[in-house]
Amino acid sequence: MSEFAEGTLEENQSFWGNLPDVQGYLEQKLPTMDRSLDTYFDKNMEAIIEEWGLLVENDLLDLERRVNRVTADINQLVNNKNILNERVTKLDAMISDLEGKVR
């Protein structure tokens with residue numbers, strides 16, 4: 001042992017055992033860029049989302065529902081295209097007939 005060592009090994013271990021949070025404490029107290037950014041974003045996230053018009057999960061779910069609804073409408077129109085064409089032909093014939101009667 002050196003001339004500066006005091007006490008036994010067990011006494012030294014018990015001293016450090018009483019300070020288990022020294023490393024965590026120092027990590028919290030020393031500022032880092034990551035910690036500063038995390039703190040800033042935690043405090044200001046709502047304002048940032050509002051200011052930049054960012055999408056949140058609820059917005060994405062709403063957009064997904066709207067896309068699904070429009071896709072279903074388009075599919076229905078494509079499937080009923082022949083029926084719509086027949087109706088247009090009949091309406092065109094009726095309009096031509098009415099136009100002929102007016103003249």
Side-chain angles (χ1 to χ4, degrees):
M1 281 188 117
S2 79
E3 60 188 66
F4 299 108
E6 295 180 11
T8 64
L9 184 60
E10 289 177 13
E11 289 174 0
N12 289 339
Q13 284 178 346
S14 65
F15 171 76
W16 291 111
N18 290 331
L19 303 172
D21 195 38
V22 169
Q23 183 179 6
Y25 178 80
L26 289 177
E27 285 179 11
Q28 280 184 331
K29 292 299 179 185
L30 294 176
T32 65
M33 183 65 138
D34 288 342
R35 198 169 3 275
S36 298
L37 286 174
D38 287 344
T39 304
Y40 174 79
F41 283 122
D42 287 343
K43 288 180 182 177
N44 300 302
M45 187 55 70
E46 278 189 43
I48 292 169
I49 289 171
E50 184 71 28
E51 181 179 339
W52 285 79
L54 301 175
L55 296 176
V56 292
E57 186 174 356
N58 290 338
D59 295 333
L60 293 175
L61 292 173
D62 184 47
L63 287 173
E64 184 178 6
R65 277 187 234 122
R66 290 172 60 189
V67 166
N68 289 338
R69 189 175 23 210
V70 168
T71 303
D73 289 346
I74 291 170
N75 289 335
Q76 184 179 4
L77 288 172
V78 169
N79 291 336
N80 296 325
K81 182 179 179 181
N82 291 335
I83 296 170
L84 291 173
N85 284 334
E86 289 174 14
R87 289 177 67 188
V88 166
T89 304
K90 287 180 184 177
L91 288 172
D92 191 35
M94 291 172 65
I95 289 171
S96 297
D97 187 41
L98 288 174
E99 287 177 346
K101 289 181 181 179
V102 170
R103 289 182 185 176

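Hydrogens, waters and symmetry mates play no part in the numbers below; they use all other heavy atoms, side chains included.
- By the 4.5 Å side-chain criterion applied to Ile, Leu, Val, Met, Phe, Trp and Tyr, V78 is assigned to a cluster that also includes V70, I74.
- For the atom pair CG of D97 and CE of M94, the computed distance is 8.5 Å after rounding to the nearest 0.5 Å.
- The structure places CD of Q76 at 13.0 Å from OG1 of T71, a figure rounded to the nearest 0.5 Å.
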Next item on the list: Decide yes or no on side chain to side chain contact (heavy atoms under 4.5 Å, CB included) for T39 and D42, but give the supporting numbers first.
Entry: CA-CA 5 Å; T39 304; D42 287 343; 5.7 Å; no
Distance-only check: which donor-acceptor pairs under 3.5 Å involve side-chain atoms of residues 46-68, not counting sequence neighbours?
from, atom 1, to, atom 2, distance (Å)
D59, OD2, V56, N, 3.3
N68, ND2, E64, O, 3.3

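- Summarising the hydrophobic clusters (Ile, Leu, Val, Met, Phe, Trp, Tyr; side-chain heavy atoms under 4.5 Å, direct or chained), the residues clustered with L77 are L84.
- When side chains are defined from C-beta on, V88 does not count as touching L91, because their heavy atoms never get closer than 4.5 Å.
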